[in-house]
Amino acid sequence: MKNLYRVLFCICMVCQYPSSVSCQVGAMDSIQQKTLKYFDRVNVKKLESIQNRYDGMQKKVTAYSLKSLKRLQKQETKIRKKLSGKDSLAAKQLGNYANEKYAKWMGEIKNPSKIIKPVTSYLPGLDSMQTAFSFLNKSGSNIPGISSDKISQVKALAEKAGNLQSQLQASTDIQKFIKERKQQLQDLLGKYSMANELKSFNKEVYYYQQQLDEYKSLINDPGKLEQKVLGYVREIPAFKDFMSKNSFLSKLFPSGGSGANGQALPGLQTRTAVQQQFAQQSGGPSDPQQMLQQQVQEAQGELSKLKVKLNQLGGGSGEIQVPDFKPNNQKTKSFWKRLEYGLNIQSQGTSNFLPATSDIALLAGYKINDKNTVGMGAGYKLGWGKNISNINLTSQGISLRSYLDMKLKGSIWISGGYEYNYQNEFEKIDELKNISAWQKSGLIGLSKKYKIGKKNGNLQLLWDFLSYSQVPKTTALKFRLGYSF
């Protein structure tokens with residue numbers, strides 16, 4: 001009977017207000033068309049690429065957290081052995097507590113989604129993507145014509161984003177635990193004059209925070225593919241309303257008088273209440289956004305500067321950790337981010353045996369730390385001819401290079417290298433197989449590094465101490481100009 005009443009009510013509405021109902025149906029059709037258009041734009045491979053990225057980041061966070069916990073537990077074992085010589089009972093109690101806590105946290109980081117905790121580690125980029133996929137999963141399931149593969153993929157992505165958020169929350173909780181553990185050990189060991197035993201432990205605590213901040217930065221910065229996906233979703237009118245009601249941020253700061261479950265959050269003023277109070281006190285418009293827009297833009301610039309300073313001090317999240325050692329800023333970067341690439345050019349005039357040439361080399365270096373870089377590369381020796389009136393481009397040789405740069409002071413670096421050079425003119429690659437024709441070079445000298453816009457330039461003055469035994473003999477001093485990127 002209820003369904004019959006509903007049908008009759010709809011018929012009456014159509015008869016009395018046909019234009020209103022048709023507009024609503026038309027609006028619904030428009031939303032469905034835009035949603036369907038979105039699914040047509042994005043193929044399964046693109047969604048799989050995003051899912052693989054989330055999977056990869058989750059595995060990295062898990063692996064690094066487990067590795068850090070094991071290292072910290074190992075450091076505590078060493079500390080207990082030394083403490084047992086002074087107070088065996090304190091050492092035993094320390095061990096029992098540590099084993100229980102580390103086992104607990106290792107279990108949580110392996111299965112973070114099974115433990116429900118309030119989210120305190122908020123990432124806007126991840127929140128937007130998770131809400132977008134939840135919206136697509138909900139709206140796409142009700143629209144005919146969308147393949148089940150895409151619906152399943154979107155649903156899986158929403159779950160992956162949620163799992164990644166849980167993983168980050170677990171790692172944030174672990175970060176809080178190891179900070180507290182650090183303070184507990186400091187208080188205990190201070191009684192026995194053993195504070196120096198915490199140096200290795202403190203390093204692990206510091207680098208765990210830095211690495212976690214690095215992972216959060218990568219996750220919060222969506223790639224080009226994710227930006228496209230999010231851009232498509234924002235074109236759907238219904239998404240804005242869904243975002244305002246279902247995102248994590250909306251649950252913290254509801255726009256109306258109710259939260260996610262229709263109840264006001266205790267102790268937290270709503271946006272509407274704040275606007276009304278602001279209007280009463282300032283005598284201005286009810287919406288303070290217009291009045292404060294200019295001030296907010298100016299404040300954003302200052303906040304960006306402060307953020308850079310905080311990150312330099314290790315304060316990407318949580319309280320600032322000032323290390324009691326000189327940290328290696330390269331340690332928490334991925335392998336690819338520690339690589340630098342460069343171009344190197346060296347020219348020399350004609351001699352009795354060789355024409356004017358230019359050595360053009362491509363280099364790839366790995367930053368061991370902030371003051372040491374090791375790398376290798378290959379160079380091509382281009383011949384120009386005897387003089388400007390007799391230009392003749394020829395292949396005068398190639399070189400295989402290795403190098404090491406060590407920072408001396410400021411922008412001055414000590415540079416060294418070992419090279420193999422083929423100094424003869426050649427036309428075919430097979431000619432390079434003659435090993436006896438290759439010459440050795442041992443280089444040592446100074447480099448001056450400087451900035452050219454966004455690029456890093458460098459000037460090198462090197463002494464080849466093996467040049468005196470080469471035939472034909474080359475110049476002992478080499479001046480090279482290059483830049484890295």
Does NZ or CZ of K86 come closer than 6.0 Å to the centre of the six-membered ring of Y192, within 45° of the ring's axis? no
Is there a donor-acceptor contact under 3.5 Å from the side chain of Q73 to the main chain of N99? no
Apply side chain to side chain contact (heavy atoms under 4.5 Å, CB included) to the pair L72 and Y208, showing each step before the final yes or no. CA-CA 10 Å; L72 290 169; Y208 182 75; over 6 Å; no
What's the verdict on salt bridge (charged side-chain N to carboxylate O under 4.0 Å, His left out) for K104 and E108, showing C-alpha distance, side-chain angles and the deciding distance? CA-CA 6 Å; K104 170 183 176 292; E108 286 198 14; 3.2 Å; yes
Let me see the working for D464 and S441 under side-chain hydrogen bond (donor to acceptor under 3.5 Å, both in side chains), right down to the final yes or no. CA-CA 6 Å; D464 184 0; S441 291; 3.0 Å; yes
With a 4.5 Å limit on heavy-atom distance, are the side chains of L164 and M129 in contact? no
Does the side chain to side chain contact (heavy atoms under 4.5 Å, CB included) test come out yes or no for S128 and M243, once each step is laid out? CA-CA 8 Å; S128 297; M243 183 79 176; 3.7 Å; yes
Determine whether more than 12 heavy atoms belonging to other residues, nucleotides or ligands lie under 6.0 Å from atom CZ of F177. yes
Looking only at non-hydrogen atoms, find the nearest pair between I452 and G457 and report the distance. CD1-CA, 4.2 Å
Given side chain to side chain contact (heavy atoms under 4.5 Å, CB included), test L462 with I444 step by step and report yes or no. CA-CA 5 Å; L462 305 171; I444 187 71; over 6 Å; no
Could you tell me whether the side chain of Q439 reaches within less than 4.5 Å of the side chain of L466, counting heavy atoms only? no
Residues Q183, D187; criterion side-chain hydrogen bond (donor to acceptor under 3.5 Å, both in side chains); working and verdict: CA-CA 6 Å; Q183 187 61 49; D187 295 340; 3.1 Å; yes
Within the structure provided, determine whether Q470 and S467 are in side-chain contact (heavy-atom separation under 4.5 Å). yes
Looking at every heavy atom in both E76 and A98, which two are closest together, and how far apart are they? OE1-CB, 3.4 Å
Residue pair L83 / L188, side-chain heavy-atom distance below 4.5 Å: yes
Please check this pair: side chain of S134 against backbone of Q130, looking for a donor-acceptor N/O pair closer than 3.5 Å. yes
More than 12 heavy atoms of other residues, nucleotides or ligands under 6.0 Å from NZ of K155: is that the case? no
Is M106 atom CE crowded by more than 12 heavy atoms from other residues, nucleotides or ligands, each under 6.0 Å away? yes
Test log, rule side chain to side chain contact (heavy atoms under 4.5 Å, CB included), inputs L461 and L446: CA-CA 6 Å; L461 182 61; L446 297 175; 5.7 Å; no
With a 4.5 Å cut-off on side-chain heavy atoms, are L185 and L94 touching? yes
Which value, rounded to the nearest 0.5 Å, describes the distance between Y207 atom OH and Q209 atom CD? 12.5 Å
Less than 4.5 Å apart, any side-chain heavy atom of T131 and any of F242? yes
Looking at L432, is its backbone amide N or carbonyl O close enough to the side chain of W438 to form a donor-acceptor pair, meaning the two atoms are under 3.5 Å apart? yes
E419 and R480 ion-paired at < 4.0 Å: yes
Which value, rounded to the nearest 0.5 Å, describes the distance between S447 atom OG and L459 atom CG? 8.5 Å
Heavy-atom donor-acceptor pair, Y422 side chain to K433 backbone, under 3.5 Å: no
Minimum-distance pair of heavy atoms, taken over all atoms of R338 and I368: NH2-O, 2.7 Å
May I ask you to test the K381-I398 pair for a side-chain heavy-atom distance under 4.5 Å? no
Could you state the interatomic distance from NZ (K82) to CE (M194), rounded to the nearest 0.5 Å? 7.0 Å
Compare every heavy atom of I109 with every heavy atom of S65, then report the nearest pair and how far apart it is. CB-CG1, 3.6 Å
Out of curiosity, S411 OG to K451 NZ, how far, rounded to the nearest 0.5 Å? 12.0 Å
Does K478 NZ have over 12 foreign heavy atoms under 6.0 Å away? yes
Sub-4.5 Å side-chain heavy-atom contact between N456 and K449: no
Should the ring pair Y418 and Y420 be called parallel, tilted or perpendicular, given that the plane angle runs from 0 to 90° and is split at 30 and 60? perpendicular
Quick one: sort the F133 and Y54 rings into parallel, tilted or perpendicular, breaks at 30° and 60°. perpendicular
Calculate, to the nearest 0.5 Å, the distance between atoms CG and OG belonging to L339 and S334 respectively. 8.5 Å
Using the salt bridge (charged side-chain N to carboxylate O under 4.0 Å, His left out) definition, which of the options K333, K331, K337 pairs with E214? K337
Which atoms form the tightest heavy-atom contact between L168 and K216, and what is the distance? CD2-CG, 4.2 Å
Pairwise distance OG(S88) to CD(Q93) - rounded to 0.5 angstrom: 10.0 Å
If you look at every heavy atom in S415 and Q460, which pair is closest and at what distance? OG-NE2, 3.7 Å
side-chain hydrogen bond (donor to acceptor under 3.5 Å, both in side chains) between Q169 and D173, worked out: CA-CA 6 Å; Q169 183 58 50; D173 293 340; 3.1 Å; yes
Qualifying residue for side chain to side chain donor-acceptor pair (under 3.5 Å) with Q330, from D370, N369, T373, N372: D370
